[in-house]
Trainee: 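Before we start, here is the structure in question, set down as structure tokens.
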Amino acid sequence: MSKIFKFGGASVNSVERIQQLLPILRSYKDEKLVVVISAMGKTTNALEKVAEAYFSGHRDEALRLFQQVKDQHLTTAKYLLVRNYLAAEAQLRDFFTEVEWLLHDKPVRDYDYYYDQIVCIGELLSTSIVAAFLAESGIENQWIDVRDMVRTDGNFRDAAIDWDYSEQKVREEVLPLLQESNIIITQGFIGSTSENESTTLGREGSDYTAAVFANMLNADDQTIWKDVEGVMNADPKQFPEARILKELNYDEVIEMAYYGAQVIHPKTIKPLQNKGIPLYVKCFLAPALPGTVIHSKSLKDLPPIFILKQEQVLVHLRSRDFSFVGESGIEQLYHLLAGIRIKPNLMQSGAVSLQLCLDDRIDKVEKLALAAAELFDVQIERGLTLLTIRHYDEATLDRLTAGRQEVLRQQTPSTVQVLMR
Ligand code: ASP
Ligand code: MG
């Protein structure tokens with residue numbers, strides 16, 4: 001009965017791109033659409049800088065940086081709007097004022113709280129402009145503040161959705177509006193607490209919000225509109241031979257995300273999978289192309305999918321007295337990892353040693369090395385590359401490891417991982 005669309009920051013980062021939304025939305029004019037739109041371009045990063053400056057006591061710098069965000073949005077609105085300009089400007093100014101009030105006070109709460117109050121504005125501004133522009137272009141729509149529907153806990157910057165409350169609200173608010181109007185425009189990535197404080201769901205969280213709507217509204221499908229033609233079997237910047245995967249399933253996407261592919265926010269899959277709602281990834285620059293469909297069916301004959309992770313570090317732990325590492329050594333190590341909140345990308349245990357491959361997050365790796373040194377002899381090697389191939393064949397494996405020195409390998413029937421120098 002309804003479709004969920006999500007447009008990312010790149011699809012609304014210029015006047016021309018926003019105008020591109022018209023033909024796409026017109027081609028779905030007989031459908032009921034809930035459209036989730038991200039902040040324009042790099043606005044979220046710019047707002048993060050505002051929050052940092054404010055919290056570190058540089059109020060003037062924060063106001064100056066915020067002025068740039070304001071100017072950018074006002075300029076875009078001016079280019080796009082005539083008849084609706086004044087109304088849209090008033091709406092933008094209300095959001096500006098919310099932030100400026102806050103910037104004039106001294107911070108008394110923790111950083112994450114202020115981060116969310118400031119950063120949430122990005123999606124409110126972009127959706128206000130787009131909604132006004134669509135209306136002025138003859139695409140009647142309803143704009144809603146998603147914070148009135150998506151209730152979260154107070155875990156700022158990584159808030160968890162109160163599913164029951166939000167589901168009821170989403171249905172109450174969205175379904176009647178969809179009777180009146182074919183298009184609803186709203187925000188991803190943000191929500192609010194029961195105290196009406198704004199929250200965010202974690203960077204790149206808009207895909208997830210869209211999936212939450214899809215689940216709660218029992219949507220027919222969800223489409224993520226991107227600047228690429230679909231999901232590819234490798235990063236084309238690293239592998240020019242990368243190609244589009246026409247079809248994937250939820251499990252495969254979760255696996256790809258786990259091994260480090262920057263495909264779709266991993267939290268996005270579960271709400272769709274639970275209701276068997278297909279996810280399309282399509283290109284807003286070429287909407288006629290089929291893109292990728294992700295569903296629950298099992299798939300045979302997937303081509304090799306490869307993922308490279310750079311800046312890996314190998315931590316080699318050796319028992320001091322050549323005694324077996326044993327279960328208590330492993331237990332202590334897991335305990336350390338959980339305490340530091342670091343997840344190994346690969347782990348191999350032997351009689352007297354353990355090897356871990358991790359992302360080189362200097363602070364965390366140092367902490368781990370220091371703590372582990374109380375139990376083991378510790379050696380660290382940096383600057384390694386981790387290659388993962390799903391559905392590998394020998395030829396692909398040979399080609400991608402040619403000329404590299406292998407440090408460690410792990411292999412199952414479906415996946416091979418090689419850590420290389
Ligand atoms: N605007 C947010 C971000 O850049 C959320 C999103 O686009 O998904 O992280
Ligand atoms: Mg984005």
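This is a predicted model, so every value here is computed, not measured. Indexing begins at 1, ligand by ligand and atom by atom, following the structure's order.
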Trainee: Between Gln273 and Asp251, does any side-chain donor sit less than 3.5 Å from a side-chain acceptor?
Mentor: yes

Trainee: Would you say Gly188 touches ligand 1, if touching means a heavy atom closer than 4.0 Å?
Mentor: no

Trainee: At a 4.0 Å cut-off, with the gap strictly under it, does some heavy atom of Glu123 reach an atom of ligand 1?
Mentor: yes

Trainee: Under 4.0 Å from a heavy atom of Arg203: give me the atoms of ligand 1 that qualify, with their elements.
Mentor: 3 (C), 4 (O), 9 (O)

Trainee: N/O of Lys6 under 3.5 Å from N/O of ligand 1, yes or no?
Mentor: no

Trainee: Can a side-chain donor-acceptor contact be found between Asn345 and Gln312 if the only test is distance below 3.5 angstrom?
Mentor: yes

Trainee: Under the salt bridge (charged side-chain N to carboxylate O under 4.0 Å, His left out) test against Glu100, which residue among Lys70, Arg59, Arg93 passes?
Mentor: Lys70

Trainee: What about Tyr115 and Phe55, are their ring centers closer than 6.0 Å?
Mentor: no

Trainee: At a 4.0 Å threshold, what atoms of ligand 1 neighbour a non-hydrogen atom of Ser38?
Mentor: 6 (C), 7 (O), 8 (O)

Trainee: Ring pair (Phe, Tyr, Trp, His ring centres under 6.0 Å), that's the test. Do Tyr208 and Phe189 meet it? Break it down for me.
Mentor: CA-CA 7 Å; Tyr208 174 55; Phe189 169 60; over 10 Å; no

Trainee: By number and element, which atoms of ligand 1 are closer than 4.0 Å to a non-hydrogen atom of Phe189?
Mentor: 2 (C), 5 (C)

Trainee: Could you tell me, atom by atom, which parts of ligand 1 come under 4.0 Å of a heavy atom of Ser206?
Mentor: 5 (C), 6 (C), 7 (O), 8 (O)

Trainee: One thing to verify: whether Arg109 and Glu197 come together as a salt bridge, which I'm taking to mean a side-chain N less than 4.0 angstrom from a carboxylate O.
Mentor: yes

